[in-house]
S.K.: 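Okay, here's the structure, questions in a sec.
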Protein chains: 4
Amino acid sequence: MFSKFFNLEKEKQDRIINAAIKEFAQKGYDNASTNEIVKEAGISKGLLFHYFKNKKQLFFFLFDYCYNVVADEFYKKVDLTERDFFKRIRQAVQIKVELQTKYPDILTFIQEAFMQDSAEIKVEFDKKKQELTAVNINIIYEGIDLSKFRDDVDVQKVLKIISWTFEKMSDEELLKAKMLPNHKIDYDKVFLEAEEYFEIFIKGFYNDGGK
Amino acid sequence: MFSKFFNLEKEKQDRIINAAIKEFAQKGYDNASTNEIVKEAGISKGLLFHYFKNKKQLFFFLFDYCYNVVADEFYKKVDLTERDFFKRIRQAVQIKVELQTKYPDILTFIQEAFMQDSAEIKVEFDKKKQELTAVNINIIYEGIDLSKFRDDVDVQKVLKIISWTFEKMSDEELLKAKMLPNHKIDYDKVFLEAEEYFEIFIKGFYNDGGK
Amino acid sequence: MFSKFFNLEKEKQDRIINAAIKEFAQKGYDNASTNEIVKEAGISKGLLFHYFKNKKQLFFFLFDYCYNVVADEFYKKVDLTERDFFKRIRQAVQIKVELQTKYPDILTFIQEAFMQDSAEIKVEFDKKKQELTAVNINIIYEGIDLSKFRDDVDVQKVLKIISWTFEKMSDEELLKAKMLPNHKIDYDKVFLEAEEYFEIFIKGFYNDGGK
Amino acid sequence: MFSKFFNLEKEKQDRIINAAIKEFAQKGYDNASTNEIVKEAGISKGLLFHYFKNKKQLFFFLFDYCYNVVADEFYKKVDLTERDFFKRIRQAVQIKVELQTKYPDILTFIQEAFMQDSAEIKVEFDKKKQELTAVNINIIYEGIDLSKFRDDVDVQKVLKIISWTFEKMSDEELLKAKMLPNHKIDYDKVFLEAEEYFEIFIKGFYNDGGK
DNA sequence: GATGAATGAGTGTTCATTCAT
DNA sequence: GATGAATGAACACTCATTCAT
């Protein structure tokens, strides 16, 4: 599909991808300007539309590209033999932080993309989001040792509570960072806070309060 | 400030408000078109800007108007003498559902507004969001009987977990509804599900598992 | 013609006139906004157009009104029995400065009006300007003792040179004042400079260099 | 900066430039309509803003372009080795008339531009005007033989008087031409009149009346 | 493959003027 | 006399996309 694009010299590919990521991440889908992208990438207007038939296609290409980069690396690093749910989540958080440091633009782009709500891409993108979420949840839960959870509660719901908590915590941290002038996340503090939530969950939802 | 607008005949006020709510809710701040609003409201271009000096002011007016409508009704209905946190949350969910049924457009608008991220309104709107959130959290937690919670965990964090869970549950329900063709939420099912989460939390976080 | 307007209570007349003078003086004909005028004057949109059938008529009314105020006072003060041209001009400059101090807004308005160039009022206003200029030149030259001028030059041209010089000097002073932040004219310095030009002219164009 | 524009086919460049000159000259900066310009030039709305990022930039481009055209030609024609002030001024008037005949629209535009007073361009344009005026005055006075002037007067002021006179004469001629239906200036008559002013100045301000 | 000129409907906003009350 | 709601054409400017070269 994008073989034309991938036949380009690597350096130009990168210029285009980086320019587009930057623009979409900063301004969101609707307000991202193809003009800015070509200017930043140093290519002509026509060329962009030679490789991508329209803005929407460019966005979806970009999303898939970015998603693959981080997902590949994520699944390479995560240890799926770890059967304890909290250790698994802890890993996930850790890897996410590493990726954030290694590919800051890409992660910002993905995060912003997930919050995108433009009418033009809504239907297609919501579908994609749901699929990805479903896949990830399956993987995250795969092989988890559920026997550690108390058996008088619905484990599925407990897992949801836990996942949601970490999502919300992450959102809040992101939001706080955005508000501040220097936009810096203190990852050590985040980890510490996460640990406290872990303990609470273990106390509340593991057999014998995790003892 | 908007006394000019409120002196208009009620019916025309409503046409304008409804048209604007609809447009902003559907397309978000940036993509909402004042052209569409006037067309839908059946008024002239000039009139809209006779009452609201610009799009931003219209948006903030609309938000305040909508927020007041639902907040007033919410606080009229909520029983702040109820000191049990779960009963209080249960009330809140119940009232929210009622409001959703009574003012579906207004609630959609408010929810979308909270997810808005347009550069043009960002600073002002973020401030407003923060203020409202702070106020609401204070009220929601006011007078809550914290002695029911187990004392070996940080109650503040537990409260956060609980709030987040219901927010996420609500988001998920909304999203599911949006995906379906008929956009209908089965509130009875939602309630039932919420009850199950209540039980889990009580078991995990109340003294003696709530017994 | 404007009897309707003049039957208004004096105080309201003044509010309207002052608001309009201010707006036209500040922004020029085209950019002056009738909205601003009514807001400043504290009257309704409709009322302005009740008294003046349109913006153009308001402008011409205003100009005539202002012109009459200053012209009346000017001709009351000027001593037309003074037959020496330079003394006469010196008087004129002096009176102009006095008027500038007494009616700063009105004089600013008139000066700006003379520089107006809007297509909408061009034809009519140019005609008026020419008429006024013609009348004034006649009066300024009336009874002047031309015998003091050397007889080997065309006196009419000399008079023009002199008038032009003082006009340009005045323009330059005005412009300089506009450039500066505090917009203040140092009239004493202007007088002194004018005197130096007087001397030059007397040396160059009076019999025996004015001795 | 405007290389994009200059790469256009010459004929289209000219259509755009001429249309813009005409519109700005006729209506002034504020009232000139980019809509009219594109209509007259036979191009699309978008194209104009493809070449010029906004109305202001278009105006300044146009001014510089026009100014350069006439300034280049002016300085090619003027003889700066002529040290007599009046001969130099005579040359200037003559060349100006030639340029007026050769590029009537351009000269009209420049003259109107110098009288422009729009708030939007005020600051920048005033600065430019001042710079140009300073440069021109330097050149015009460069190498002038001041020893011919009588030494009992301030030569600088005399030079001002002379310059102002020719400016005013030129303004008056222009105005007269504008009033008439056919807008034609009789240059021969203007020259003759100018000569008479020369003589007056020589008599009044040269040593021994220029004998 | 690569360019960038060209499009035209779209945006929010302002304006003098009218007219029913 | 006095109000201010109402109009709609006009404004400068942006945009994703096309296409001849």
Side-chain angles (χ1 to χ4, degrees), chain A residues 4-5 7-9 12 30-39 42-59 120, chain B residues 3-5 7-9 12 16 30-38 42-59 120, chain C residues 4-5 7-9 12 30-39 42-58 120, chain D residues 3-5 7-9 12 29-38 42-58 120:
Chain A
K4 259 199 294 183
F5 178 73
N7 283 337
L8 260 179
E9 32 176 334
K12 204 180 235 179
D30 282 321
N31 285 87
S33 157
T34 53
N35 264 328
E36 286 303 311
I37 293 171
V38 300
K39 212 185 294 171
I43 59 165
S44 75
K45 208 78 211 287
L47 197 55
L48 187 72
F49 288 93
H50 181 67
Y51 291 119
F52 306 99
K53 82 170 202 270
N54 53 33
K55 192 183 178 180
K56 204 202 263 190
Q57 207 197 53
L58 168 62
F59 177 80
E120 213 175 322
Chain B
S3 52
K4 255 201 291 183
F5 178 72
N7 284 339
L8 260 181
E9 30 176 337
K12 200 176 248 180
I16 295 173
D30 282 325
N31 284 84
S33 158
T34 53
N35 275 333
E36 286 303 312
I37 293 172
V38 301
I43 59 167
S44 74
K45 208 75 220 289
L47 193 56
L48 186 71
F49 289 95
H50 183 63
Y51 292 116
F52 306 99
K53 81 171 203 277
N54 53 34
K55 191 183 179 180
K56 203 202 260 190
Q57 204 199 53
L58 168 62
F59 177 80
E120 215 176 320
Chain C
K4 260 199 293 184
F5 178 74
N7 284 337
L8 261 179
E9 32 177 335
K12 203 179 237 179
D30 282 320
N31 285 85
S33 157
T34 53
N35 264 327
E36 286 303 311
I37 293 172
V38 300
K39 211 185 292 170
I43 59 165
S44 74
K45 208 79 211 286
L47 197 56
L48 187 72
F49 287 93
H50 181 67
Y51 292 118
F52 305 99
K53 81 170 205 271
N54 53 32
K55 192 183 178 180
K56 203 202 264 189
Q57 206 197 53
L58 167 63
E120 213 176 322
Chain D
S3 52
K4 256 202 290 182
F5 178 72
N7 284 340
L8 261 179
E9 31 175 336
K12 201 177 248 182
Y29 181 82
D30 282 324
N31 283 84
S33 159
T34 53
N35 275 332
E36 286 302 313
I37 293 172
V38 299
I43 60 167
S44 74
K45 207 75 221 288
L47 193 57
L48 186 70
F49 290 95
H50 183 63
Y51 291 115
F52 306 98
K53 82 171 203 277
N54 53 34
K55 191 183 178 178
K56 205 202 259 191
Q57 205 198 54
L58 168 62
E120 215 175 321

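Just so you know, these numbers come straight off a predicted model, no measurement behind them.
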S.K.: Base, sugar-phosphate, or nothing for B:I43, non-hydrogen atoms under 4.0 angstrom?
M.R.: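 Sugar-phosphate, no base atom in range.
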S.K.: Taking it one step at a time, do A:D30 and B:N31 satisfy side chain to side chain contact (heavy atoms under 4.5 Å, CB included)?
M.R.: CA-CA 8 Å; A:D30 282 321; B:N31 284 84; 2.8 Å; yes
S.K.: Can you tell me if the side-chain N/O atoms of A:S33 get under 4.0 Å from OP1 or OP2 in F:dT14?
M.R.: no
S.K.: Closer to the 5' end of DNA chain E via nearest nucleotide, is it A:K12 or C:A32?
M.R.: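 The 5'-side residue here is A:K12.
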S.K.: Using only side-chain N and O atoms of A:Y51, determine if any of them is under 4.0 Å from OP1 or OP2 of E:dA2.
M.R.: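 Indeed, a polar side-chain atom of A:Y51 lies that close.
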S.K.: Report each atom pair, protein N/O against N/O of nucleotides 17-21 of chain F, whose distance is under 3.5 angstrom.
M.R.:
from	atom 1	to	atom 2	distance (Å)
F:dT17	OP2	A:K55	N	2.7
F:dT17	O4	A:K45	NZ	3.0

S.K.: Once pairs are restricted to Watson-Crick or G-U wobble with both distances under 3.5 Å, how does DNA chain E read as a dot-bracket string, [ ] for crossings and | for other-strand pairs?
M.R.: .||||||||||||||||||||
S.K.: Return the orientation label for the B:F52 and B:F5 ring planes: parallel under 30°, perpendicular over 60°, tilted otherwise.
M.R.: tilted
S.K.: Which value, rounded to the nearest 0.5 Å, describes the distance between B:L58 atom CG and B:T34 atom OG1?
M.R.: 8.5 Å
S.K.: Counting only side-chain N and O atoms of B:H50, is one of them less than 4.0 Å from OP1 or OP2 of F:dA6?
M.R.: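 For F:dA6, OP1/OP2 do not have a side-chain N/O of B:H50 under 4.0 Å.
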S.K.: Whole angstroms only, please: what is the CD1-P distance between A:I37 and F:dT14?
M.R.: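 One finds 17 Å between P of F:dT14 and CD1 of A:I37, rounded.
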S.K.: Return yes if some donor-acceptor pair links the side-chain N/O of B:K4 with the main-chain N/O of B:H50 below 3.5 Å, else return no.
M.R.: yes
S.K.: Return whichever of C:K4 or D:Y29 has its heavy-atom-nearest nucleotide of DNA chain F closer to the 5' end.
M.R.: C:K4
S.K.: Does a side-chain N or O of C:S44 approach OP1 or OP2 of F:dA2 to a distance below 4.0 Å, or not?
M.R.: no
S.K.: Which pair of non-hydrogen atoms, one from B:V38 and one from B:N35, has the smallest distance, and what is that distance?
M.R.: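 Scanning both residues completely, I find the closest heavy atoms to be CG2-O, 3.1 Å.
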S.K.: Want to settle it: does D:D30 or B:F5 sit nearer the 5' end of DNA chain F, counting the closest nucleotide to each?
M.R.: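 Closer to the 5' end of DNA chain F: B:F5.
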S.K.: Rounded to the nearest 0.5 Å, what separation is found between the CG atom of B:L48 and the CD1 atom of B:I43?
M.R.: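 One finds 5.0 Å between CG of B:L48 and CD1 of B:I43.
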S.K.: Using whole Å, what does the distance between atom C1' of nucleotide F:dA6 and atom CZ of B:F52 come to?
M.R.: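 Rounded to whole Å, this separation is 15 Å.
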S.K.: To the nearest angstrom, how far is D:L48 atom CG from F:dC11 atom P?
M.R.: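 Roughly 13 Å, once rounded to whole Å.
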S.K.: I'd like to know if the side chain of D:K55 and the backbone of D:Y29 have a donor-acceptor N/O pair within less than 3.5 Å.
M.R.: yes
S.K.: C:N31 CG to E:dT13 P: how many Å, rounded?
M.R.: 19 Å
S.K.: Under the salt bridge (Lys or Arg N to Asp or Glu O under 4.0 Å) rule, collect the residues that match up with B:K56, sequence neighbours excluded.
M.R.: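 Result, salt bridge (Lys or Arg N to Asp or Glu O under 4.0 Å) vs B:K56: B:E124.
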S.K.: How far apart are the closest heavy atoms of D:F49 and D:N54, and which atoms are they?
M.R.: CE2-CA, 3.8 Å
S.K.: Rounded to whole Å, how long is the line connecting atom CG of A:N7 with atom P of E:dG1?
M.R.: 9 Å
